[in-house]
Amino acid sequence: MSNNVVLITGAGGFLGGLLARAVLADAEAPGTRLILADVIEPKTPQGVDAVTVRADLTDPAQADALFNTRYGTPDAVYCLHGIMSRGSEDNFDFGMKVNVDSVRSVLDAARRAGERAGTLIKFIFASSLAVYGGPLPEVITPETIATPQGAYGTAKLIGELYINEYTRRGYVDGRILRLPTIAVRPGPPAAATSAFVSAIIREPLQGLETTCPIGDSLASPALDALALWLASPETTLRNFVRARHVPAPAFRAHTRVVCLPGFTATVREALEALERVAGKEAVARVRFRDDETDRRIVGSWPARFDNAYALGLGFVVDEGGMEPLVRRFKEQLEAGAVV
């Protein structure tokens, strides 16, 4: 019988904190109890009796302990913890330790806990479009081979292979979500090469200056050349919740990978959306200093995907391009809902 318990690793991060609230609000699984883990003890959503754990998941014993709390064996794991893309590139060994070794530790702990409980634990893994690189087709399909050109994408692909194999062997019930770049992210800048996409919207809307690492001026052709595959935080959360409920037979027989739906926008289109929402004075707060590493890594990622498979599984997509995301974030700022 299901315990209706969900474990979220990386629960202290941007997505993890929001996901905890989204899981609690899931009408398909009322009464879900949460185990929240991160390297810094996560905050509990207000009014909720959650188990919170400060854990270094590079230690297998601490990973095992997450499956032995007062809530018992989780039915589902959202594996969100990790070192982000620029941090992984700048510190390769530490990035691999966290993004590969600790994911394997949690995966093994889920396998052992599931065997003890006589159940398959759903293992929902936050992967990334960074698994792609090199020469790519105009549109990514489920058949497109992943060839990452960065440490972050490499680690994510290794994690995917583990989860697919553990699923094939009947150790876990894996669900692998390749995320678009998420915008607009609230809070302080993140150590991700794509973090600038949120920063060039978020900071100007708060009257702050920010730096765009693509191009050297507003007139730079690099702003037109670099396109990104994007999704809003709200849509991403809906898709994380949906992943828990997709019937296992609905996935392709040979892989649990799903490229989450998104839309395409260039850096210039993002700035144009900012201007339409907040005026030229907002765009004037964006400074330009080209960063070759950021431009190389983000430029290696694909910007167009075929959404059909994911939509067929019940995942959803943002409509209307970049402007609704900018407008929504501005409204949230004005309401004091984000910072």
Would you find more than 12 non-hydrogen atoms of other residues, nucleotides or ligands less than 6.0 Å from [X] atom [atom1]?
X      : atom1 : value
Arg70  : CZ    : yes
Ile145 : CD1   : no
Lys330 : NZ    : no
Arg296 : CZ    : yes

With Tyr171 via ring-ring contact (aromatic ring centres under 6.0 Å, His included) - residues at least two apart: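 Here the qualifying residues are Tyr166.
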Pair [X] + [Y]: basic N to acidic O under 4.0 Å:
X      : Y      : answer
Arg112 : Asp64  : yes
Glu115 : Arg111 : yes
Arg104 : Asp108 : yes
Arg328 : Glu323 : no
Arg238 : Glu234 : no
Arg285 : Glu281 : no
Glu160 : Arg256 : no
Arg86  : Asp294 : yes

Please walk me through it: do Cys212 and Arg287 pass side-chain contact (heavy atoms from CB on, under 4.5 Å)? CA-CA 6 Å; Cys212 176; Arg287 303 290 183 258; over 6 Å; no
N/O donor-acceptor pair under 3.5 Å between [X] side chain and [Y] backbone:
X      : Y      : value
Asp75  : Val5   : yes
Thr210 : Glu203 : no
Thr193 : Ile297 : no
Arg268 : Ala265 : no
Glu89  : Ala151 : yes
Thr154 : Gly150 : yes
Asp38  : Gly12  : yes
Asp290 : Gly215 : yes
Ser105 : Ala63  : no
Lys156 : Arg178 : no

Under 3.5 Å, is there a donor-acceptor pair linking the side chains of [X] and [Y]?
X      : Y      : result
Ser220 : Ser217 : no
Tyr78  : Arg244 : no
His245 : Asp26  : yes
Thr58  : Asp101 : no
Asp224 : Thr266 : no
Ser88  : Asn99  : yes
Asn4   : Thr32  : yes

Verdict with supporting geometry, Phe329 and Val277, side-chain contact (heavy atoms from CB on, under 4.5 Å): CA-CA 10 Å; Phe329 189 78; Val277 171; over 6 Å; no
Running the 4.5 Å side-chain criterion over Ile, Leu, Val, Met, Phe, Trp and Tyr, what cluster does Leu161 land in, apart from itself? none
So which atom in [X] and which in [Y] form the shortest heavy-atom distance, rounded to 0.1 Å?
X      : Y      : answer
Phe67  : Pro74  : CD2-CD, 3.6 Å
Cys259 : Ala310 : O-CB, 3.4 Å
Ala270 : Ile200 : CB-CD1, 4.3 Å
Leu120 : Gly170 : CD2-O, 3.0 Å
Ser300 : Leu136 : O-CD1, 4.0 Å
Leu218 : Leu271 : CD1-CD1, 3.9 Å

Report the C-alpha separation of Ser232 and Thr235 in whole Å, then their side-chain angles, then the decisive distance to 0.1 Å, and conclude whether the side chain to side chain donor-acceptor pair (under 3.5 Å) test is met. CA-CA 5 Å; Ser232 69; Thr235 292; 3.3 Å; yes
Any chain of hydrophobic side-chain contacts (each under 4.5 Å) joining [X] to [Y]?
X      : Y      : result
Leu179 : Trp229 : no
Met84  : Val106 : no
Leu226 : Leu274 : yes
Leu177 : Leu18  : yes
Leu19  : Val246 : yes

Taking the six-membered ring of Phe123 (Phe, Tyr or Trp), confirm whether the NZ or CZ of Arg175 is under 6.0 Å from its centre and within 45° of its axis.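 Output no; distance or angle outside limits.
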Distance under 6.0 Å and angle within 45° of ring axis: Arg185 vs Phe14: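 Cation-pi check for Arg185 and Phe14: fails.
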Spacing of [X] atom [atom1] and [Y] atom [atom2] [to the nearest 0.5 Å]:
X      : Y      : atom1 : atom2 : result
Glu138 : Asp306 : CD    : CG    : 12.5 Å
Lys97  : Ser102 : NZ    : OG    : 9.5 Å
Leu228 : Arg304 : CG    : CZ    : 10.5 Å

Please walk me through it: do Ile121 and Asp173 pass side-chain contact (heavy atoms from CB on, under 4.5 Å)? CA-CA 6 Å; Ile121 295 174; Asp173 178 0; over 6 Å; no
Let's go through Phe305 and Tyr132 carefully: what are the C-alpha distance in whole Å and the side-chain angles of both, what is the deciding distance for ring pair (Phe, Tyr, Trp, His ring centres under 6.0 Å) to 0.1 Å, and is it a yes or a no? CA-CA 12 Å; Phe305 287 70; Tyr132 295 104; 5.8 Å; yes
Please step through side-chain contact (heavy atoms from CB on, under 4.5 Å) for the pair Gln62 and Asp56, ending with a clear verdict. CA-CA 6 Å; Gln62 294 187 49; Asp56 176 1; 3.8 Å; yes
